[in-house]
Asker: 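This is the structure I have questions about; it appears just below.
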Amino acid sequence: MKQFEAEIISNRAVAPGWKELVLSWDKGAGQPEPGQFLSLRVSPRSDPLLRRPFAFSGMSEDGGRVSAIYQVRGPATSILAELAPGSAIDAIGPLGRGFPRPGPGELAILAAGGIGLGPVLFLAKSLAASTLVLGFREASALPRLDLPQGCVTCTDDGSSGFRGKPSEWISRNVPSGLVRLYGCGPAPMLAALAGLAAERSWASSLSAEQWMACGVGACMGCALRRSDGAGYLRACSDGPVFSADAGRPSPVDWNPRRPT
Amino acid sequence: MSADLSVRIGELVLPNPVGVASGTFGYGSEYEALVELGSLGALYTKAITLEPRPGNDVPRIVETPSGLLNSIGLANPGVEAFLTDKLPALLAYPCPVIVNVAGATEAEYLAVLQRIEATLGPQASGHPDGPGIVGYEVNVSCPNVKHGGLAFGTDPAQVERLTSSLRAVTKRCLIVKLTPNVADIGSIARAAEAGGADAVSCINTLVGMAIDVGQRRPRLATVTGGLSGPAILPVGVACVYKASRAVGIPVIGLGGIMGPEDALQYLLAGASAVQVGTGTFVDPTTPARVLAGIGSWMEANSVMRVADIRGMLR
Ligand SMILES: Cc1cc2nc3c(=O)[nH]c(=O)nc-3n(C[C@H](O)[C@H](O)[C@H](O)COP(=O)(O)OP(=O)(O)OC[C@H]3O[C@@H](n4cnc5c(N)ncnc54)[C@H](O)[C@@H]3O)c2cc1C
Ligand SMILES: Cc1cc2nc3c(=O)[nH]c(=O)nc-3n(C[C@H](O)[C@H](O)[C@H](O)COP(=O)(O)O)c2cc1C
Ligand code: FES
């Protein structure tokens, strides 16, 4: 983990409202693993104030460049979207605990929903074999990226590929057996994947999202409810990836509970 | 001759005026890879309570204009786990460590302090100016838990009583951390002084609220939270100005420090030292930048000792 000035190599649109950021990477910071993230300070001004977390979506072969795919959502990502190649950005990383490798004999099934695509793509590139299932709202949201051959696309409206959610495709098409289900995406998707894995007795490794302030485990801001009811875990440093294995349930509760 | 950056608080001498604020630096290890601990004037730990506290429901943080609203709820492992799991590393750090203490009752604050004192031994580790646990910061100002001290922190009589009972059990530096959520911060500072505090620190966070209009819901699970960051800088500076004119003991200033200028405002307003909180989240080099900037400012203005800055406000 290191804080350094990264250079923006490219910052190109890959889908409506989505961009891919490529940054120079200081190898002294350590090699990023799939599921880990970096935090960026998009502007030296005080509004927006906090750094923003983004998952790695890939790394160049020599380790000198990393990428992230992001969705323009609010003030920080809007500023990020305007930054030109050649400009410098304050980066900290790699942060958090990434995806574990599949266990012996485990079939790797990877699911991504929406902008959860980045870390899942990175994981797919790092594994010799996997089944990659990507979910999008509609055909026009599909990103212009080199997606691995044979990956399954799902759309909510059926305008491209399978009509439905990645969890539904997996539920119908993946036979029972030794599986590790990997996933990143919106909370309802993670809940569906966790439920599916539990039902089929599959191992699972899912990446959580939570608001972050420090990103390094110091502030307790990014708390996620523990599944055993005994308090909270930190998304940034205990996660963001949390795994469940045979006989060991997920440490975090994936069911989104609305505040009452 | 190079400027004297050391700061005297009671018997204690801190190597420089820039510390890192409670709750924003964990127990040090979290930031070890990013921040040179040896360059910190003091490390204030996350609040320690008698029993472990899981903290508040989530979400706990939301960003507001130039500010951070949090409702962590004093999440901490409790004093016993603190002593076994955190203390050994804290004692080995190359900077002075000040333990932030919170409680729901006077007895609870007292028990936490007694437990730590019993483990450390009575003397400030033989070298009160060096590293080690050199003091306590009494949090009578957390707005995020029903019994987080704010009930104490708004009542001068209770602040004085709590301070004097804690004073009786430690010779280490005793700092009382004040809330800005009061009508007259000077009267609370005087109560801490009367109770025997070596210093007061201010400010803790301001009570704030943010609403998601689309959802028509409060953004924090606890509805209200504590506001920190640049948005509160002028409030903190005014509190330090008032508190430092109400008491003879040193005042430690914090709230919204992002760079040397902000820290110098606190020092000119009457602070003897400062702490950086939210500024470290935004940029972990903030404490070091603040310290370097204070040094350059002193040089440019021919100020020999940090302590002299206090008298320089025109
Ligand atoms: C570990 C981690 C990895 C992430 N990886 C990526 C990534 O690869 N690509 C990407 O586009 N985004 C990623 N995000 C989310 C990204 O950090 C936010 O989209 C970004 O901070 C938004 O900032 P903003 O100022 O543009 O928008 P804001 O105004 O801060 O947010 C706009 C909206 O986005 C949602 N949102 C923002 N931040 C979060 C959060 N932390 N948790 C849940 N909801 C949030 C909220 O609904 C909010 O109203 C990741 C978040 C985490 C915690
Ligand atoms: C996430 C967070 C946690 C905090 N926890 C504590 C705490 O445990 N004890 C305490 O006395 N103050 C706590 N504070 C208050 C800070 O120490 C500080 O008083 C306040 O944030 C103002 O300073 P800043 O604007 O530089 O952050 C916390 C603040 C934040 C943002
Ligand atoms: S963001 Fe601070 S502990 Fe995770």
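Order of the sequence lines sets the chain letters (A, B, ...), proteins ahead of strands, with each chain counted from 1. Only heavy atoms go into these numbers, but all of them, side chains included; no hydrogens, no water, no symmetry mates.
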Asker: Would you say that more than 12 heavy atoms from the other residues, nucleotides or ligands in this model lie under 6.0 Å from the CD of B/Glu261, or not?
Answerer: no

Asker: Distance from A/Leu224 atom CG to A/Leu233 atom CG, nearest 0.5 Å?
Answerer: 7.0 Å

Asker: Which residue out of B/Asp283, B/Leu68, B/Thr278 racks up the most heavy-atom pairs below 4.5 Å with chain A?
Answerer: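 Most pairs with chain A among the choices: B/Asp283.
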
Asker: ring-ring contact (aromatic ring centres under 6.0 Å, His included) with B/Tyr27: which residues, sequence neighbours excluded?
Answerer: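 B/Tyr27 satisfies ring-ring contact (aromatic ring centres under 6.0 Å, His included) with no other residue.
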
Asker: Heavy-atom pairs under 4.5 Å with chain A are the metric here; pick the option from B/Thr24, B/Val62, B/Ile61 that has the most.
Answerer: B/Ile61

Asker: I'd like to know which of B/Ser66, B/Gly26, B/Ala75 tops the heavy-atom pair count under 4.5 Å against chain A.
Answerer: B/Ser66

Asker: Examine whether an atom of A/Gln210 lies under 4.5 Å from a heavy atom of chain B, and if so say whether it belongs to the side chain, the backbone or both; otherwise answer neither.
Answerer: side chain

Asker: Within a 6.0 Å radius of atom NZ on A/Lys165, are there more than 12 heavy atoms belonging to other residues, nucleotides or ligands?
Answerer: no

Asker: Do A/Ser237 side-chain atoms and A/Arg234 backbone N/O form a donor-acceptor pair below 3.5 Å?
Answerer: no

Asker: One pair to check against side-chain contact (heavy atoms from CB on, under 4.5 Å): B/Leu254 and B/Lys177. What are the steps and the verdict?
Answerer: CA-CA 10 Å; B/Leu254 74 158; B/Lys177 184 164 180 182; 4.1 Å; yes

Asker: Going by residue number, which parts of residues 41-76 of chain A are within reach of chain B, meaning a heavy-atom gap below 4.5 Å?
Answerer: A/Arg41, A/Ser46, A/Asp47, A/Pro48, A/Leu49, A/Leu50, A/Arg51, A/Arg52

Asker: Tell me which of these, A/Gly217, A/Gly231, A/Cys222, has more heavy-atom pairs under 4.5 Å with chain B than the rest.
Answerer: A/Gly217

Asker: Assess, by modelled atom type and distance only, whether the side chains of B/Ser22 and B/Glu137 contain a donor and an acceptor separated by less than 3.5 Å.
Answerer: no

Asker: I'd like to know whether CD of B/Glu80 has more than 12 heavy-atom contacts from other residues, nucleotides or ligands below 6.0 angstrom.
Answerer: yes

